[in-house]
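So you know, we letter chains A, B, ... as the sequences are listed, proteins then strands, and number each from 1. All values below come from the heavy atoms of this structure, side chains included, with hydrogens, waters and symmetry mates left out. Keep in mind it's a predicted model, so treat the numbers as computed, not measured.
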Amino acid sequence: MTTTTTDTTTPSPHEPAFPMSRDGKCPFDPPPRGLAAQKEAPLTRVTMWDGSRPWFVTRYAEQRALLSDPRISADISNPGYPSPAPRPKGSGSPLSFILMDDPEHARLRRMVTAPFMVKRIEAMRPGVQKIIDDLLDEMLAGPKPADLVEAFALPMPSLVICRLLGVPYSDHDFFQKNSNLIIKRGVSPEDQGAAMGALIGYLHRLLALKLEQPGEDIFTDLARRVDAGDLSAADAAQMGVLLLIAGHETTANMIALGTLALLEHPEQLARLRDSGDPALVTSAVEELLRYLTITHDGRKRIAIADIEIAGQTIKAGEGVIIATDLGNRDPEAFEDPDTLDLERDARHHVAFGFGVHQCLGQPLARMELQLAYTTLLRRIPTLALATPIDQVPFKNDASVYGVYELPVTW
Amino acid sequence: MKVILDQDKCVASGQCVTAADTIFDQRDEDGIAILLDAEPSPEREAEVRQAAAVCPVLAIRLES
Ligand code: HEM
Ligand code: SF4
């Protein structure tokens, strides 16, 4: 265990900058500098664009310990909260409870947990299967090659979350464009602020409409809570934006990137396609979530009290970046971590985070991914990449990793 | 084996239900976990250990 005291003012010349870039060798592997840092120590520091030097947590055990530690805050309004880019000013906590601490986080989260519980999500399977089949029918009837992102990976989870939330799917161009601006790196704070403003405005209008034209959906429920005085209109709108962004971007990227990973591992793909064993489908999805860890920007937190961990002291007020993409490749937690092995037991991965903020939508994401991969492979057994992999545009510039396009043929 | 569930900690992740659906369920109003069987039979032990291991807020405690 290392017990060196870290100087918090002067960056060492070897300290990596964050976010880190991947190398060109394997598009599925975390950045080499991150992997090297993990080998060296469970905790190190990184340098941010603004010169700040948050802690960088590289290993699985320390990551789980910190993510479930009440002395670690997700509240973005704390001075010193690590930000990978300049932030729009004055927007407070723009993404609702994902950036709040308990008890307020729990109060708001519990208002929307019911529709995501396992049995309610499982009951949605037939409807989601129908959406998948219809999209694939359409793709198969169209020209080859097709872009799997546009034809399938993006519309599928968008249609599902729109139905669940009660959002007209005809608005998807609008919210997709704006949520992309919010999760893309390098977009100016003004443009990000404007995108957020547009989404918040949209949600206010939609929630008002829900009182007049109620449906059996989450936004009708939120509108009623506002009407009853349990929830402020501003909180409801922010919660709506969080659910809308979190509910389609992530799953869409997992579908496309996961399909690419399978195409690049043909023997694994064949096993999943030909097996018909539901246990393999379940473990395959967990393994793809682990192996790809699409939320590759780390969980951002700040210490609100001193924390002793791994021979170091994280001081109150210091920023912490918990690199779950590295944790999911920690050899202490996963044997031979850089190998994609659909049969391994990867259920303890941290691709959905850990602690009180662990993904609310995980039962939905799991169900969607299980149906998406299996239906895709069953219906298109000859599915193939229609371009060399080095021509595939990867989302190296976004906080959620994936591909912008995936040209496929069959 | 005895299972102790702390509902105040639970964040309704559903992980325990996914791991051991004969032992855990989620209550209808807010998805908070409920115990169906506080003293699972030995053949359920592995699933229950799995549930405790993946609970993101360490709300599941096991006593032998
Ligand atoms: C494969 C798909 C998905 C991945 C990889 C994913 C990943 C994550 C991660 C890593 C977090 C933790 C954030 C943190 O600790 O800072 C999170 C939180 C969250 N996710 Fe997901 N997610 C996915 C799908 C979904 C879906 C379909 C929804 C549905 C609305 C959703 C809604 C949320 C919400 C609301 C939170 C905030 C929870 C909280 O702060 O208590 N996610 N997700
Ligand atoms: S795994 Fe833990 S947090 Fe998730 S539902 Fe079960 S008890 Fe609650």
(request) Using the side-chain contact (heavy atoms from CB on, under 4.5 Å) rule, take A/Thr113 and B/Gln26 through it: C-alpha gap first, then chi angles, then the decisive distance, then the call. (result) CA-CA 10 Å; A/Thr113 39; B/Gln26 287 171 284; over 6 Å; no
(request) Can you see which heavy atom on A/Arg110 is nearest to which on B/Asp8, and at what distance? (result) NH2-O, 3.8 Å
(message) Within a 6.0 Å radius of atom CD on B/Glu43, are there more than 12 heavy atoms belonging to other residues, nucleotides or ligands?
(response) yes
(message) What part of A/Arg109 gets within 4.5 angstrom of chain B, counting heavy atoms only: side chain, backbone, both, or neither?
(response) side chain
(message) Atom CD of residue position A/Glu332 - does it have more than 12 heavy atoms of other residues, nucleotides or ligands inside 6.0 Å?
(response) no
(message) At a 4.5 Å cut-off on heavy atoms, which part of B/Asp21 comes close to chain A: side chain, backbone, both, or neither?
(response) neither
(request) Counting only heavy atoms closer than 4.5 Å, note whether A/Asp102 contacts chain B via side chain, backbone, both or neither. (result) neither
(message) Can you give me the closest heavy-atom contact between B/Gly14 and A/Val118, atom names plus distance?
(response) O-CG2, 3.6 Å
(request) Among the options B/Ser13, B/Gly31, B/Pro56, pick out the one with the most heavy-atom pairs lying under 4.5 Å from chain A. (result) B/Pro56
(message) If I measure from the heavy atoms of chain A, does B/Glu29 come under 4.5 Å with its side chain, its backbone, both, or neither?
(response) backbone
(message) Restricting to non-hydrogen atoms, name the atom on A/Gly355 and the atom on B/Val11 that form the minimum distance, rounded to 0.1 Å.
(response) O-CG2, 4.4 Å
(message) How about CZ on B/Arg61, more than 12 heavy atoms from neighbouring residues, nucleotides or ligands closer than 6.0 Å, or not?
(response) no
(request) Find the distance between CE (A/Met117) and CG (B/Asp30) and round it off to the nearest 0.5 Å. (result) 7.5 Å
(message) What I'd like to find out is whether the side chain of A/Gln362 reaches to under 4.5 Å of the side chain of B/Thr18, using heavy atoms alone.
(response) no
(request) Output the option from A/Met111, A/Gln358, A/His348 having the highest count of non-hydrogen pairs under 4.5 Å with chain B. (result) A/Gln358
(request) Check whether B/Val54 gets within reach of chain A through its side chain, its backbone, both or neither, counting any heavy atom under 4.5 Å. (result) both
(request) Could you check if a side-chain atom of B/Val17 sits within less than 4.5 angstrom of a side-chain atom of A/Lys119, using non-hydrogen atoms only? (result) no
(request) Compare all side-chain heavy atoms of A/Arg120 with those of B/Asp28 and state whether any distance is below 4.5 angstrom. (result) no
(request) Find the one option among B/Gln15, B/Arg27, B/Lys9 whose heavy-atom pairs under 4.5 Å with chain A are most numerous. (result) B/Gln15
